There are 2 protein chains.
Amino acid sequence: MDPHLLTTFVTVARHGSFSAAAAELGYTQSAISQQVAALEADLGLALLRRRPVEPTPAGRRLLEHAEPLLLRLRAARADVLRTAAEPRHLLRLAATPLAVNPVVAARLAEARARQPRLEIRLRMCRAERLAALVAEGRADLGLADGIAAPSDPLRLPDAGPMTTTGVTEEDLVVALPAGHPLAGRASLRLADLIDARWLRTPLCPPARLRDLVGEGFPAGLEYEGDDVRTALNLAAAGHGLTLLPASAVPAGGGGGGGVCAVPVAAPRLVHRVELLHAALPPGAAADLVAALSG
Amino acid sequence: MDPHLLTTFVTVARHGSFSAAAAELGYTQSAISQQVAALEADLGLALLRRRPVEPTPAGRRLLEHAEPLLLRLRAARADVLRTAAEPRHLLRLAATPLAVNPVVAARLAEARARQPRLEIRLRMCRAERLAALVAEGRADLGLADGIAAPSDPLRLPDAGPMTTTGVTEEDLVVALPAGHPLAGRASLRLADLIDARWLRTPLCPPARLRDLVGEGFPAGLEYEGDDVRTALNLAAAGHGLTLLPASAVPAGGGGGGGVCAVPVAAPRLVHRVELLHAALPPGAAADLVAALSG
DNA sequence: ATAACTTACGATGTACGTAATGATA
DNA sequence: TATCATTACGTACATCGTAAGTTAT
């Protein structure tokens with residue numbers, strides 16, 4: 001169960017090919033073959049069926065363990081290295097697209113006003129990768145957004161010991177095309193929309209949507225990008241509805257061809273932003289955490 | 001961050017000695033020295049200060065990560081191997097001393113009555129080790145007991161993905177010596193006992209007691225064993241109070257020199273028993289789980 | 001026939017043990 | 001000075017690459 005072999009195994013399984021894994025990892029096909037063989041010999045059972053390359057049941061089991069295990073290993077390494085790190089004036093912040101709402105942006109501004117030497121590099125990433133990024137120390141702070149019941153924490157993937165703090169909670173709205181029968185309502189229940197078409201976009205993770213709206217919700221268009229205006233334009237054009245924080249939808253829904261934001265009354269849901277970080281590097285990080293936590 | 005080196009490092013830190021670690025792991029002193037040096041070189045920082053051998057701050061950090069990491073690694077290995085295991089007729093059960101209460105014992109009997117071929121080997125262990133034992137596959141099922149709010153899960157150490165099921169909940173009582181001023185009461189509040197002396201015993205983990213009773217509770221006698229009758233005898237003799245499940249304290253508190261069990265009315269607490277298991281080996285395990293879950 | 005994994009084998013590097021050296025109480 | 005960790009060095013083993021072999025499409 002050498003992590004080296006585990007990495008190779010995971011890569012082979014992901015590519016479904018020994019040669020592709022070899023290319024990615026910078027080994028020869030032969031070395032990969034030997035490494036997989038060594039892992040199988042160590043465990044005493046076959047992990048991959050060849051030609052086509054696909055995991056056996058035992059292999060599938062191992063895959064479920066290997067990824068989080070390797071993540072924790074990298075996280076531990078990063079954490080130990082942080083104890084000896086230089087104080088940083090540059091903080092690397094990772095955020096999901098909807099996490100930097102007006103409140104968060106304002107608090108970042110306050111922090112920078114108080115600490116002129118503080119530099120911030122903000123980088124966007126998807127929610128699934130955010131926790132890993134922070135755990136591995138490739139970002140100092142993470143801002144994740146998601147949909148939750150009021151005061152409930154977000155369900156983030158477990159990437160080892162990390163601190164999470166609630167930052168903001170705001171109303172959740174459904175973005176409806178201006179001409180939609182429910183547009184203009186003061187609020188609505190998700191149950192009213194059970195047959196509606198939904199926009200599939202990482203802005204509102206499909207997994208979460210399935211929880212909220214039910215299993216077989218009819219899929220509208222799938223938008224793989226994470227630009228809010230694009231999503232709004234698609235919603236306005238009737239490609240499907242989408243759930244967004246109120247602040248992401250421009251006010252004055254009267255304009256022609258726009259979208260209309262209707263708050264979700266039931267179930268009680270909010271759009272929540274959370275700050276997550278591992279052990280903080282010495283320097284300005286602690287101040288920024290305090291500023292963001294409000 | 002080779003697990004091999006990590007194991008060595010943890011062992012050295014535990015013994016506070018390279019030579020003792022060498023003896024335990026079956027290496028020479030020299031090999032241990034080289035392994036620790038290799039780990040330090042890999043991370044680029046000192047992990048141990050020598051003579052006396054004790055961890056540096058970075059080393060302490062690494063120790064916090066290493067133990068759970070190695071546990072998860074062993075757990076993953078055990079889980080994968082289980083997928084290819086033979087069906088077992090012998091189930092290895094691990095339990096904390098108070099987990100096998102009358103209800104649990106009865107359910108075990110039912111299961112054995114239904115499945116005559118089923119063999120059970122029951123082994124006692126402390127709560128801290130139980131989760132690790134199950135995760136590593138050294139026990140098939142674990143029965144843990146502890147104190148919790150009604151319907152709340154126990155706070156067990158995280159040892160990787162595991163299923164936990166509530167089995168029983170019963171009243172929590174304070175075992176008081178028969179002559180105690182509060183003996184004979186129908187119920188009491190823990191706050192009434194804030195100045196009482198408590199028996200320190202693994203039967204009622206001191207950490208939990210500290211949560212419940214407050215920080216500086218005066219320590220009575222410390223009993224390192226886990227025999228309930230011994231603890232009751234000590235309580236009867238006035239060495240200190242202890243929290244126990246109602247079924248562990250014999251009824252009829254009138255007898256001379258015995259203990260009197262008084263239920264805890266506030267805070268609302270119960271003695272809870274939970275069943276935990278990883279992926280079940282094929283065979284009788286699933287039936288036993290069903291029987292225990294009731 | 002060909003793309004893809006496996007096996008054979010030689011070169012390189014890593015890891016351990018023995019033994020000598022160095023440091024500390 | 002005795003104990004304990006480190007360093008030096010030789011050996012054994014593990015790992016990788018090249019190249020030949022095998023197998024499924």
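Order of the sequence lines sets the chain letters (A, B, ...), proteins ahead of strands, with each chain counted from 1. Source: prediction; values computed, not measured.
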>> Just to be sure I understand the geometry, which residues of residues 7-24 of chain B put a non-hydrogen atom under 4.0 Å away from DNA chain D?
In response: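 Per residue number, the list reads S17(B), F18(B), S19(B).
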
>> If you take any heavy atom closer than 4.0 Å to DNA chain D, which residues from residues 32-58 of chain A end up in contact?
In response: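 Residues of residues 32-58 of chain A under 4.0 Å from DNA chain D: Q34(A), Q35(A), R51(A).
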
> Does anything in residues 67-94 of chain B pair up under ring pair (Phe, Tyr, Trp, His ring centres under 6.0 Å), and if so which pairs, sequence neighbours excluded?
Replying inline: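 Applying ring pair (Phe, Tyr, Trp, His ring centres under 6.0 Å) to every pair that reaches into residues 67-94 of chain B, excluding sequence neighbours, yields nothing.
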
> Pairs in or reaching into residues 2-32 of chain B: which pass ring pair (Phe, Tyr, Trp, His ring centres under 6.0 Å), with residues at least two apart or in two chains?
Replying inline: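 Listed by first then second residue: H4(B)-Y27(B).
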
>> For residues 44-53 of chain B, which residue pairs pass the side chain to side chain donor-acceptor pair (under 3.5 Å) check, not counting sequence neighbours?
In response: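 For residues 44-53 of chain B, and leaving out neighbouring residues, the side chain to side chain donor-acceptor pair (under 3.5 Å) pairs sorted by first residue read E40(B)-R50(B).
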
> Who are the side chain to side chain contact (heavy atoms under 4.5 Å, CB included) partners of A58(A), not counting sequence neighbours?
Replying inline: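 A58(A) satisfies side chain to side chain contact (heavy atoms under 4.5 Å, CB included) with L45(A), L47(A), T56(A), V80(B), T83(B) only.
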
> Which residues satisfy the side chain to side chain contact (heavy atoms under 4.5 Å, CB included) test with A144(B), sequence neighbours excluded?
Replying inline: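 Scan of A144(B) (side chain to side chain contact (heavy atoms under 4.5 Å, CB included), adjacent residues dropped) gives L130(B), L154(B), L156(B), L276(B).
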
> Is it true that the side chains of Q29(B) and S33(B) contain a donor and an acceptor less than 3.5 Å apart?
Replying inline: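 Side-chain D/A pair, Q29(B) to S33(B): absent.
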
> Any luck finding a side-chain donor-acceptor pair between H277(B) and D140(B) under 3.5 Å?
Replying inline: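 No - no donor-acceptor pair under 3.5 Å links their side chains.
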
> In whole Å, what is the span from the CD atom of Q29(A) to the P atom of dT18(D)?
Replying inline: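 After rounding, the gap between these two atoms is 12 Å.
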
> Is it true that R14(A) and E24(A) make a salt bridge, defined as a side-chain N closer than 4.0 Å to a carboxylate O?
Replying inline: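 E24(A) and R14(A): salt-bridged.
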
>> Check this for me, if you would: do E136(B) and R138(B) make a salt bridge, where the nitrogen-to-carboxylate-oxygen distance has to be below 4.0 angstrom?
In response: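 Result for this pair is yes, salt bridge flagged.
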
> What salt bridge (charged side-chain N to carboxylate O under 4.0 Å, His left out) pairs are there with at least one residue in residues 25-37 of chain B, not counting sequence neighbours?
Replying inline: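 Sorted pair list comes back empty.
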
>> Does anything in residues 28-38 of chain A form a salt bridge (charged side-chain N to carboxylate O under 4.0 Å, His left out)? List the pairs, not counting sequence neighbours.
In response: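 Pairs touching residues 28-38 of chain A that pass the test: none.
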
>> Going 5' to 3' along DNA chain C, between which two nucleotides do contacts with chain A fall, using a heavy-atom cut-off of 4.0 Å?
In response: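 Contact boundaries, 5' end first: dA4(C) to dA8(C).
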
>> For the helix from dA1(C)-dT25(D) to dA25(C)-dT1(D), what angle separates the axis at the start from the axis at the finish, each from five pairs, in steps of 10°?
In response: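 Answer rounded to 10°: the end axes differ by 30°.
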
> Excluding sequence neighbours, so at least two apart, what forms side chain to side chain donor-acceptor pair (under 3.5 Å) with D158(A)?
Replying inline: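 R72(A).
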
